[in-house]
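Since we're looking at a predicted model, the values are computed, not measured. Basis for what follows: all heavy atoms, side chains included, without hydrogens, waters or symmetry-related copies. Note on naming: letters A, B, ... go to the chains in the order of the sequence lines (proteins, then strands), and numbering restarts at 1 for each one.
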Amino acid sequence: MRVTTSFPLGTLRNTPSEAEIISHQLLLKAGYIRRINSGIYAYMPLMLRVIEKISSIIEKELNTIGCTKLLLPQLHPAELWKKSERWEGYTAGEGIMFNLKDRQGKEFGLAPTHEEVITSIASEIINSYKQLPQCFYQIQTKFRDEIRPRFGLMRSREFIMKDGYSFHSSENDLASFYEKMGIAYENIFKSCGLQTVGVEADSGAIGGASSKEFMVTADAGEDSILFTQSGSYAANIEKAVSIPSQPIPIRDNISGLIETPQQKTILEVCKNNNLDPTQIIKVVVFIAKFESKAEIPILACIRGDQHINEVKLFNLVNKLHNSNLLNLKKIEDKNIIEKNLVDFPFGFIGPDLDNKTIKASSNWNKTWTRIIDSSASSLSKFVSGANKVNFHKVFQSFSFASNDYLVEDIRNAKKGDKIKINNNEVLKEKKGIEIGHIFQLGQKYSEKLNAKFSDKDGQLRNLWMGCYGIGVTRIAQAAIEQNHDQNGICWPIQISPFEVIIIPTNLKDQIQRDLTEQIYNNLKINKIQVLLDDRDDRAGVKFKDAELIGIPFQIIIGRDAINKEVELLCRSNNTKLKIDANNLLETFIKESKIMYNKNS
RNA sequence: CGGGGCGUGGCGCAGCUUGGUAGCGCGGGUGCUUUGGGAGCACUAGGUCGCAGGUUCGAAUCCUGUCGCCCCGACCA
């Protein structure tokens with residue numbers, strides 16, 4: 001490709017002010033993307049080549065394990081999503097699915113994901129266990145009405161995703177395919193030149209039993225990963241399980257009511273009464289709203305020095321009820337409290353708060369669902385709210401054993417926690433960018449969409465399903481976050497838009513021009529992906545742009561052209577080789593091979 | 001949705017306090033010079049100052065409303 005005739009670069013001298021993180025700034029400055037609207041971007045020619053590179057790496061790896069590529073519609077009829085009972089949750093309120101009506105008033109959604117469509121197709125074309133297993137995938141634009149799009153392609157409203165769906169005759173077969181997919185994912189990310197870590201994850205709104213996320217570690221990441229140094233454990237903070245520190249034993253001479261005027265926070269209570277946060281149980285109040293319109297008030301109790309993990313709590317509450325949980329909110333708003341509660345001692349609530357605090361006139365369920373984290377339930381003597389304004393209380397040998405209480409893990413694991421009692425390894429924390437996520441869905445969708453097959457015994461059974469996503473455009477940006485320097489992008493060669501860029505320093509020099517053409521044509525004939533910067537600009541301009549756009553190799557043709565000598569420069573480590581033009585192709589092939597092998 | 005910031009040519013910004021009809025750097029075009037690290041000189045094109053009202057002889061500037069973008073959070077995955 002020639003820059004002047006077929007591949008305008010569109011680089012900028014100044015960094016657009018809208019970009020906060022380095023990868024986003026570089027994508028804009030180097031002309032890879034242009035913003036059209038919040039969270040909506042155009043992929044410019046350079047970017048499209050990166051996307052195509054990543055896509056073909058994915059395709060190659062997935063085809064190897066027997067997956068089949070197809071392309072599904074992006075406009076989905078609401079009825080399909082109503083069958084899976086996700087329409088409400090995905091469109092109402094804070095749902096992420098863009099939706100619209102056609103001229104007849106029929107409802108549609110713009111696809112954020114494709115479980116419904118693929119399951120409905122699978123149910124039609126898969127009849128027998130003999131056709132299983134089967135895995136379909138596609139690479140396509142997804143639409144998500146993100147509450148807050150940010151950081152360019154990291155969280156955008158339109159993005160390119162590889163999504164795959166597998167179908168199995170048994171849970172075992174699903175589990176083993178899931179493992180195979182995990183390995184394929186590792187190969188894919190390695191082939192893209194990325195350093196990733198696989199972590200246990202929450203399966204969120206997609207649902208299902210087991211799920212694993214693949215993270216690119218980077219400070220700009222939106223997720224937190226907890227892991228041990230040895231690699232024995234790694235999980236998303238939303239999912240991570242750990243052992244909290246030992247509580248400090250509470251002193252013997254304390255009992256009964258403690259007057260705690262205006263002391264609404266754990267810290268204030270501790271400071272004024274010579275207590276430690278580990279001796280206190282804090283009670284946080286939530287309201288859970290379900291698709292069935294049911295509203296259930298929740299008391300969540302946890303040791304004072306620990307924090308509630310709302311994802312864990314959400315999943316738990318969701319399981320307790322046979323309707324979908326739409327939304328779980330802390331109760332803080334005065335109006336909501338006044339409308340639904342009576343004599344509510346906000347700031348002084350204990351785990352034994354009376355059900356009578358819920359007003360008869362309220363829409364809420366009239367019993368508190370009491371969920372106790374095990375960090376709290378293991379305390380036999382502790383301090384908590386006395387359910388009376390300005391008072392706390394010492395609970396002596398209080399037990400959470402009755403039916404009123406549910407003891408579960410709703411605690412946020414944190415760095416410094418141990419993962420096993422007899423193991424001194426502690427958790428460390430890093431930020432990560434989620435670029436892939438694999439799920440064992442089980443039969444959730446096949447059941448709702450009636451996708452069955454005949455098993456060996458002639459019985460109709462629900463298909464077992466897995467689903468597997470990779471953020472293609474997100475990989476591109478994450479790769480920049482991991483591979484750049486002060487001068488610009490340093491693409492891993494596997495996903496670079498070109499392998500090499502030719503920079504003639506002075507095109508007015510006939511000798512340089514001739515040598516440039518000769519080298520360019522020779523590389524092209526030999527199927528090297530080469531960009532020729534044939535702009536009649538000064539050398540400095542072309543050097544700067546080449547560094548900015550991050551092509552891994554530069555061939556510089558300059559004064560020594562008269563001696564048939566050129567330079568081969570490596571972008572990432574800045575090493576320069578002076579070579580005879582006749583040996584250039586050979587040397588380049590050798591050097592690029594080394595780089596391909598190093599990265600993957 | 002709450003908090004903060006910002007909307008002035010393709011990009012980065014100044015001007016606004018104290019109203020007088022828009023400016024700088026980069027980028028673009030033409031010419032000459034220059035040619036291995038974002039060149040120099042000269043000329044030049046390009047802006048309903050986000051939008052709508054209002055105040056005023058006169059509004060980028062003051063007032064009201066509105067839309068949008070970015071960041072933090074909530075939320076979401």
key: Base partner of C26(B), which must satisfy Watson-Crick or wobble distances under 3.5 Å   = G10(B)
note = pair_partner(G73(B)), Watson-Crick or wobble, both distances < 3.5 Å, evaluates to C1(B)
remark   = Between Y445(A) and the options E116(A), K83(A), E115(A), R86(A), the side chain to side chain donor-acceptor pair (under 3.5 Å) test singles out R86(A)
request  = Using heavy atoms and a sub-4.0 Å distance, could you list which residues of residues 562-585 of chain A are near RNA chain B? By number, please.
outcome  = E567(A), K576(A)
request  = Determine which nucleotide pairs with C41(B), using a 3.5 Å limit on both distances of a Watson-Crick or G-U wobble pair.
outcome  = G31(B)
ask   = How are the rings of F189(A) and Y185(A) set relative to one another: parallel (under 30°), tilted (30 to 60°) or perpendicular (over 60°)?
value = perpendicular
key: Most 5' of R35(A) and Q554(A) on RNA chain B, judged by nearest nucleotide   = Q554(A)
message = Measure CD/E146(A) against C1'/C1(B) and give the value in whole Å, please.
response = 16 Å
request  = Please confirm whether Y233(A) and F227(A) have ring centers closer than 6.0 angstrom.
outcome  = no
query = Checking side-chain hydrogen bond (donor to acceptor under 3.5 Å, both in side chains) for the pair S166(A)/Y468(A): CA distance, chi angles, key distance, verdict?
reply = CA-CA 8 Å; S166(A) 70; Y468(A) 317 93; 2.6 Å; yes
task = Using the P atoms only, state how far C69(B) lies from A60(B), rounded to an integer number of Å.
result = 25 Å
ask   = So does R13(A) reach the base of G27(B) with its side chain, donor to acceptor, closer than 3.5 Å?
value = no
message = Reading RNA chain B from 5' onward, which residue's closest nucleotide shows up sooner: E18(A) or I96(A)?
response = E18(A)
task = Please name all residues satisfying salt bridge (Lys or Arg N to Asp or Glu O under 4.0 Å) with D373(A), sequence neighbours left out, ordered by chain then number.
result = none
Atom-pair distance (CZ on R155(A); P on C75(B)), nearest Å = 14 Å
ask   = For atom CG of D219(A), is the number of surrounding heavy atoms from other residues, nucleotides or ligands below 6.0 Å larger than 12?
value = no
inquiry  = Applying a 4.0 Å non-hydrogen cut-off, can you work out what T505(A) is touching in the nucleic acid: base, sugar-phosphate, or nothing?
reply    = base
ask   = Does a donor on one side chain sit under 3.5 Å from an acceptor on the other, for D163(A) and Y165(A)?
value = yes
ask   = What about D545(A), does its side chain sit under 3.5 Å from the base of G38(B) through a donor-acceptor pair?
value = yes
